[in-house]
Amino acid sequence: AGLPRSNILRPLDLGRSGAPKEARNLVDKMARGGGRARYRVSCSVGTRDPQEVMAMDGTKNGKGTAPARFVHLHLHSEYSLLDGGNRFKPLVERGKELGMDAVAVTDHGNLHGAWEFHEVSRASGVKPILGIEAYVALGDRRDRTHTGSVDGGFHLVLLAETMEGWRNLLKLSSDAFLNGFYYKPRMDKSTLAERSAGLIAINGHLGSSIAHHLLAFVQGGDQRHWESALEEARWHAKTFAPNERGEPCFFVELQRHIEEQESINPLYIKMARELVLPLVCDNDAHFLRREDHDTHDTLFCISLQKQKDQVDRIRYSPELYVKSPEEMVALFPEVPEAVANTVAIAERCNVELPSKANHAPVVRVVRPKRLDPYDGGDLTAWFKRVCRTVELHPFDATRDSESPEELRRGCDEALRLLCEAGLIWRYGVDGVSEAIRARAERELAVLSGKGISAYFLIVWDFVNWARQHGIPATAR
């Protein structure tokens with residue numbers, strides 16, 4: 001799966017001797033903060049005809065007008081808690097209505113909605129692109145020293161191109177919560193470098209590391225900030241290196257919402273030209289339609305704990321909705337390759353989650369062959385003694401020889417033994433009626449049939465350890 005290398009469109013190197021002098025001067029002027037001037041960056045795509053590039057955006061190609069094509073690659077659902085307002089079913093239906101056959105969801109710092117999004121999209125005939133808008137710590141993700149400056153990390157969009165990329169996203173997200181949580185679940189450059197395979201990275205949001213330096217450059221003019229921005233871009237391009245087909249896996253992101261973003265967009269184009277990096281545009285969609293802005297503003301006020309009529313509060317642009325391909329083409333007329341690259345990226349991202357796979361945990365159980373009969377005395381002491389005879393051990397496929405069926409049978413038998421002892425402890429030797437016995441058999445059969453006896457044993461193991469050590473504990 002994936003497109004040939006030439007399908008990823010890169011900005012023409014305007015610094016080459018063949019580039020017109022006035023074009024170079026205009027880009028340089030824009031890089032110095034020349035306002036909202038627009039510059040049409042031509043495309044260098046090998047043998048691809050520039051007219052064909054334009055046709056990908058739905059503009060005249062001399063043979064009629066092709067339909068505009070665009071895919072949202074930076075989009076937030078309701079799982080961007082108290083920030084995103086898109087729900088999956090209306091989202092994919094709106095996407096189809098607008099002629100888009102793929103859409104990405106990149107929620108803030110989590111993959112909580114990925115499975116639901118995948119299933120809803122597949123059922124609707126729309127390709128789901130699984131991603132995350134990650135938080136990347138300035139230094140070590142485990143450092144929780146308060147600085148008052150970007151403690152929650154910089155923003156970085158990551159998309160899963162392959163199943164390897166999806167597995168890396170899962171690892172990165174889990175580690176961000178377990179080891180990097182400080183204000184936000186944070187990754188860092190070491191974890192990104194370790195697990196970059198199969199991922200496509202997009203950097204350019206105002207909260208990103210590159211934008212941080214570019215804004216400082218625009219505001220102060222210190223050349224060191226420009227060099228720092230270039231260094232950030234180089235690190236990302238090296239970390240998210242081209243895949244085995246030579247297709248780039250790092251893209252410079254363009255958005256067009258507010259004045260600050262407009263002030264650095266020319267610098268992004270200049271950067272892409274200098275470092276020969278591909279551009280991509282997006283709309284950072286937080287809600288579905290333009291008229292949903294007020295509802296989303298209410299949601300955001302709840303997040304900020306602000307009143308809607310407060311003057312001194314953050315307000316999102318009303319433009320952050322799921323725009324049509326035609327609207328996106330019109331928004332970026334000077335960089336048609338940035339629009340076309342959204343389609344090329346979408347065609348490369350092919351992750352299909354197995355809907356019928358069983359991911360229930362397995363454990364290796366050490367247990368007696370039969371229940372030690374109750375011989376009188378303290379029932380609780382006897383029950384604890386029975387519990388101590390059951391031990392759970394992690395299963396290591398590289399070392400242990402048990403088959404999946406043997407592991408499953410062992411878990412079923414261990415759970416049955418514990419339940420038999422539990423019935424006697426709870427109801428007494430003569431108190432287990434036929435109705436109680438029937439209920440126990442029915443519930444054990446359900447757990448065995450679903451293949452989740454091991455899950456219940458794992459939970460039991462936590463509770464049992466606590467009780468054996470005098471710590472009150474229960475489970476539900």
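Sequence positions, counted from 1, serve as the residue numbers for this chain.
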Looking only at side chains, do Glu259 and Gln261 share a donor and an acceptor under 3.5 Å apart? no

For Arg315, does the CZ atom have more than 12 heavy-atom neighbours from other residues, nucleotides or ligands under 6.0 Å away? yes

Tell me whether the count of non-hydrogen atoms from other residues, nucleotides or ligands lying under 6.0 Å of CZ in Arg364 goes above 12. yes

Check the surroundings of atom OH in Tyr455: do more than 12 heavy atoms from other residues, nucleotides or ligands lie under 6.0 Å from it? no

Hey, is CG on Leu178 packed in by over 12 heavy atoms from elsewhere, all under 6.0 Å? yes

Side-chain donor-acceptor contact under 3.5 Å, Asn86 with Ser77: no

How far does CG of Asn283 sit from OG1 of Thr342, to the nearest 0.5 angstrom? 11.5 Å

Is the shortest distance from a Lys or Arg side-chain nitrogen in Arg416 or Glu441 to a carboxylate oxygen in the other one below 4.0 Å? yes

Between His257 and Asp284, is there a side-chain donor-acceptor contact under 3.5 Å, judged purely by atom types and distance? no

Does Asp101, at its CG atom, have more than 12 non-hydrogen atoms belonging to other residues, nucleotides or ligands within less than 6.0 Å? no

State whether Arg289 and Glu97 are salt-bridged, where the test is any N-O pair (Lys NZ or Arg NE/NH1/NH2 against Asp/Glu carboxylate O) under 4.0 Å. yes

Could you go through Cys419 and Leu444, starting from their C-alpha distance and side-chain angles, then the distance that decides it, and tell me whether this counts as side chain to side chain contact (heavy atoms under 4.5 Å, CB included)? CA-CA 9 Å; Cys419 286; Leu444 285 169; 3.9 Å; yes

Decide if atom CD of Gln307 counts as having more than 12 heavy atoms of other residues, nucleotides or ligands within a radius under 6.0 Å. no

Walk me through it: do Phe395 and His393 pass the test ring pair (Phe, Tyr, Trp, His ring centres under 6.0 Å)? CA-CA 6 Å; Phe395 174 72; His393 300 277; over 10 Å; no

In plain terms, say whether Glu231 and Arg234 are close enough for a salt bridge, that is, a side-chain N and a carboxylate O under 4.0 Å apart. yes

Is Arg186 close to Phe181 at the side-chain level, that is, under 4.5 Å between some pair of heavy atoms? no

Side-chain donor-acceptor pair under 3.5 Å between Glu133 and His155, yes or no? yes

Does Leu111 reach the side chain of Leu169, with side-chain heavy atoms less than 4.5 Å apart? yes

Charged N to carboxylate O below 4.0 Å: is that the case for Glu194 and Lys171? no

Asp297 CG to Ile302 CD1 distance, which is reported to the nearest 0.5 Å: 10.5 Å

Any residue meeting ring pair (Phe, Tyr, Trp, His ring centres under 6.0 Å) with His74, in chain and number order, not counting sequence neighbours: His76, His205

For the residue pair Lys308 and Thr298, confirm or rule out a side-chain donor-acceptor distance under 3.5 Å. yes

Counting only heavy atoms not in Phe462, do more than 12 fall under 6.0 Å of its CZ? no

Could you give me the CA-CA distance, side-chain angles and deciding distance for Leu288 and Tyr321, then say whether side chain to side chain contact (heavy atoms under 4.5 Å, CB included) is met? CA-CA 5 Å; Leu288 194 59; Tyr321 64 94; over 6 Å; no

Does a side-chain N-to-carboxylate-O contact under 4.0 Å join Glu326 and Arg69? no

Of all heavy-atom pairs linking Ser355 and Trp115, the shortest is CA-CH2, 3.5 Å

Can you check ring pair (Phe, Tyr, Trp, His ring centres under 6.0 Å) on His225 and His212, steps first, answer last? CA-CA 9 Å; His225 292 301; His212 175 77; 7.8 Å; no

Under 4.0 Å between a side-chain nitrogen and a carboxylate oxygen: does that hold for Arg144 and Asp151? no

Apply side chain to side chain contact (heavy atoms under 4.5 Å, CB included) to residues Cys301 and Arg313 and explain how you reach the verdict. CA-CA 9 Å; Cys301 282; Arg313 68 173 177 85; 3.4 Å; yes

Go through the side-chain N and O atoms of Tyr79 and Glu116 and say whether any donor and acceptor fall under 3.5 Å apart. yes

More than 12 foreign heavy atoms under 6.0 Å from NZ of Lys127: is that the case here? yes

Taking the six-membered ring for Trp, are Phe70 and His72 parallel (under 30°), tilted (30 to 60°) or perpendicular (over 60°)? perpendicular

Please step through side chain to side chain contact (heavy atoms under 4.5 Å, CB included) for the pair Phe250 and Asn203, ending with a clear verdict. CA-CA 8 Å; Phe250 172 61; Asn203 189 313; 3.6 Å; yes

Looking at residues at least two apart in the chain, or sitting in another chain, which of them share a ring pair (Phe, Tyr, Trp, His ring centres under 6.0 Å) with His296? His286, Phe287, Tyr316

Do NZ/NE/NH1/NH2 and the carboxylate oxygens of Arg141 and Asp175 come within less than 4.0 Å? yes

With the side chain counted from C-beta on, respond yes when Arg408 and Asp412 share a heavy-atom pair under 4.5 Å apart, and no when they do not. yes

Assess whether a salt bridge exists between Lys89 and Glu119, defined as any Lys/Arg side-chain N lying under 4.0 Å from an Asp/Glu carboxylate O. no

I need the single residue from Leu199, Val136, Asn168 that forms a side chain to side chain contact (heavy atoms under 4.5 Å, CB included) with Leu192. Which is it? Val136

